[in-house]
Amino acid sequence: MRMPKLTAFVTATAVFASALTLAARADEVHVLNWKGYGADEPWAIAAFEKATGNKVVNDFFNSEQEMLTKLRTNPGLYDVVMINAAFNDQAMAEKLIQPIDVSKITNYADISPDKAGSPMLARDGKVYGVPWVWGLTALAINEKSFETPPTSITEMWNEAHKGRVVIRDDAVEAVQFGAIATGQNINDIKDMEAVKAKLTSLMPQIKTFWSSENDWNQMVASNQIDIGTYWSGSADRAKTHFKLPVALVIPREGAVAWLDAFSIPVGAKNVAGAEAFINYMIDPGFYVEWVTKVGAPVSANTKAVAALPEDAFNRKVMGDPDVAKRIQFQAPITDAQREAYLALWQEIKVNVK
């Protein structure tokens, strides 16, 4: 990376931070988020707290279902929650999150129109989620195991990798991955039997199921795996921050895309602090520093992406129109669909010893 260019944008954080001081009162901002996912970076929290006088108190979840449960059972505890946009509809329906006054979030104006206009984040003309970052569940490889990166999703079924393949232990993601492998739309699966058969045939290849970045990274660090499903931002962090031999592969068949957004729960005690926190998290200064120091998904803020070097992965590859044609963004699913996916996934998993 060309550091002089990045430094200018990182320095801009100081200017932005001074503006934040006026935006929020000194108080605690309770944030519900994935652990190790940008919003809890110690340097970022320190910068935000210094700028605003607000103290960040983090709590974490390991799945969207756990996130929803925490919102249901702890009304009024959280000021900010990070939600996969596909789950915003459920959170809105259950009145777990409240409308956001985006006029108080200055960086919102730079969110890309397609992300800001997502029907998953708004209802009745009101905004319930501020787009933060987006990324893919694609494939990642152990570079030690490949002379040339594969181009097809079928590589996971290659017997050369038997016992060295991993997949995330998430029913929805697994079924959607199976849909892509069978040439189907992840949001309109017509042939579930084909998905079941395809995933069943993958089970003899599987070493284990992963649930966290740490799981995946430890296995590749000890050279236990060759290939597996992984999040694009996680693959970037693995290579950038942990210096692991990891490369992301976006197969020609496509990949699952997701959009993460920040929302304000109903009953939040520090709405002003929440607005300031969200504004900080979508600011180009924070984003460039996050990418540089740790590795990150793609910002929903067009100015933040433009601040990266031209050859940066999140700008060059993730911004490639050819890649855009191959990805399918997750849409909300019903409780019945979720239960069906879970039942199918539990049945299939018993074939892994």
Side-chain angles (χ1 to χ4, degrees), residues 1 6 31 33-44 60-64 67 82-87 111-112 115 130-143 166-168 170 173 176-177 210-221 227-251 254-262 281-284 286-302 304-305 307-309 311-320 323-324 326-330:
M1 290 186 177
L6 292 177
V31 181
N33 186 34
W34 292 97
K35 188 175 181 59
Y37 190 30
D40 67 330
E41 286 293 329
W43 53 267
F60 304 105
F61 55 84
N62 293 306
S63 70
E64 280 82 6
M67 174 270 296
M82 196 290 295
I83 306 182
N84 180 318
F87 287 81
I111 299 293
S112 64
K115 303 297 186 299
V130 175
W132 181 36
V133 292
W134 68 274
L136 307 176
T137 297
L139 300 180
I141 61 169
N142 178 348
E143 293 178 309
V166 291
I167 187 171
R168 184 182 173 217
D170 182 276
E173 197 170 272
Q176 291 178 339
F177 176 77
W210 63 275
S211 59
S212 70
E213 287 189 14
N214 188 56
D215 294 342
W216 211 103
N217 291 344
Q218 284 190 343
M219 286 186 287
V220 78
I227 189 172
T229 60
Y230 208 19
W231 299 313
S232 55
S234 300
D236 187 24
R237 277 189 290 278
K239 193 171 192 69
T240 301
H241 187 61
F242 297 108
K243 310 303 180 185
L244 295 172
V246 175
L248 185 74
V249 172
I250 304 173
V256 175
W258 38 262
L259 172 64
D260 287 337
F262 282 117
M281 284 294 151
I282 60 175
D283 186 73
F286 160 76
Y287 180 68
V288 172
E289 192 167 359
W290 184 21
V291 171
T292 306
K293 289 183 174 179
V294 185
V298 187
S299 177
N301 185 330
T302 56
V305 176
L308 297 175
D311 60 351
F313 179 83
N314 281 352
R315 185 174 175 182
K316 181 179 179 180
V317 178
M318 298 295 276
D320 185 344
V323 171
R326 304 204 306 271
I327 64 177
Q328 301 179 49
F329 273 90
Q330 291 177 320

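Computed from heavy atoms alone, side chains included, the values below leave out hydrogens, waters and symmetry copies.
- Ring pair W290/W132 is parallel by interplanar angle, where below 30° counts as parallel and above 60° as perpendicular.
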### Task
List the steps, then state whether side-chain contact (heavy atoms from CB on, under 4.5 Å) holds for V256 with L136.
CA-CA 6 Å; V256 175; L136 307 176; over 6 Å; no
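- For the atom pair CG of N214 and CE of M219, the computed distance is 9.5 Å after rounding to the nearest 0.5 Å.
- The two residues M82 and Y37 have their closest heavy-atom pair at CE-CE2, 3.8 Å.
- Remark: E173 CD to Q330 CD distance equals 6.5 Å, nearest 0.5 Å.
- Not one N or O on the side chain of H241 forms a donor-acceptor pair closer than 3.5 Å with the backbone of G295.
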### Task
Would you check, one step at a time, whether the test side-chain contact (heavy atoms from CB on, under 4.5 Å) holds for F177 with T229?
CA-CA 9 Å; F177 176 77; T229 60; 3.7 Å; yes
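- Atom CD1 of I327 is separated from atom CE of M318 by 6.5 Å, given to the nearest 0.5 angstrom.
- Considering only heavy atoms from C-beta on, V130 comes within 4.5 Å of I282 through its side chain.
- Of all heavy-atom pairs between A44 and F286, the closest is CB-CE1, 3.6 Å.
- Taking both residues in full, the closest heavy atoms of R237 and P297 are given as NH1-CD, 4.0 Å, listed atom of the first, atom of the second, then distance.
- Side-chain N or O atoms of D40 include none that pairs as donor or acceptor with a backbone N or O of K35 at under 3.5 Å.
- Partners of T302 by side-chain hydrogen bond (donor to acceptor under 3.5 Å, both in side chains), not counting sequence neighbours: none found.
- Between V294 and T240 there is no side-chain heavy-atom pair separated by less than 4.5 Å.
- A donor-acceptor distance shorter than 3.5 angstrom exists from the side chain of R326 to the backbone of P251, with no hydrogens or angles considered.
- Here the straight-line distance linking atom OG of S211 with atom CG of D170 works out to 10.0 Å at 0.5 Å rounding.
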### Message
For I250 and V317: C-alpha separation, side-chain torsions, deciding distance, then whether side-chain contact (heavy atoms from CB on, under 4.5 Å) applies.
### Response
CA-CA 10 Å; I250 304 173; V317 178; 4.1 Å; yes
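- With a 4.5 Å cut-off on side-chain heavy atoms, Y287 and L308 count as touching.
- With respect to E213 and R168, no salt bridge is recorded, no charged nitrogen being found less than 4.0 Å from a carboxylate O.
- The closest side-chain heavy-atom distance from V291 to F313 is not below 4.5 Å.
- Contact between V288 and A304 at its shortest, heavy atoms only, is CG2-O, 4.2 Å.
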### Query
side-chain contact (heavy atoms from CB on, under 4.5 Å) between W231 and W216: does it pass, once the steps are laid out?
CA-CA 10 Å; W231 299 313; W216 211 103; over 6 Å; no
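- With ring centers used as reference points, W34 lies under 6.0 Å from F61.
- The side-chain heavy atoms of V305 and V298, taken from C-beta on, include a pair separated by under 4.5 Å.
- Using a 3.5 Å distance cut-off with no hydrogens or angles, the side chains of D236 and S232 do not pair a donor with an acceptor.
- When side chains are defined from C-beta on, E143 does not count as touching V246, because their heavy atoms never get closer than 4.5 Å.
- Although no hydrogens or angles enter the test, the distance criterion places no donor-acceptor pair under 3.5 Å between the side chain of W258 and the main chain of V133.
- The heavy-atom pair separating E64 from N84 by the smallest distance is OE2-CB, 3.6 Å.
- Closest of all the heavy-atom pairs between N314 and A296 is ND2-O, 2.7 Å.
- For the atom pair CG of L244 and NZ of K239, the computed distance is 9.0 Å after rounding to the nearest 0.5 Å.
- For the atom pair CD1 of I141 and CG of L248, the computed distance is 9.5 Å after rounding to the nearest 0.5 Å.
- For K316, there are no side-chain hydrogen bond (donor to acceptor under 3.5 Å, both in side chains) partners, not counting sequence neighbours.
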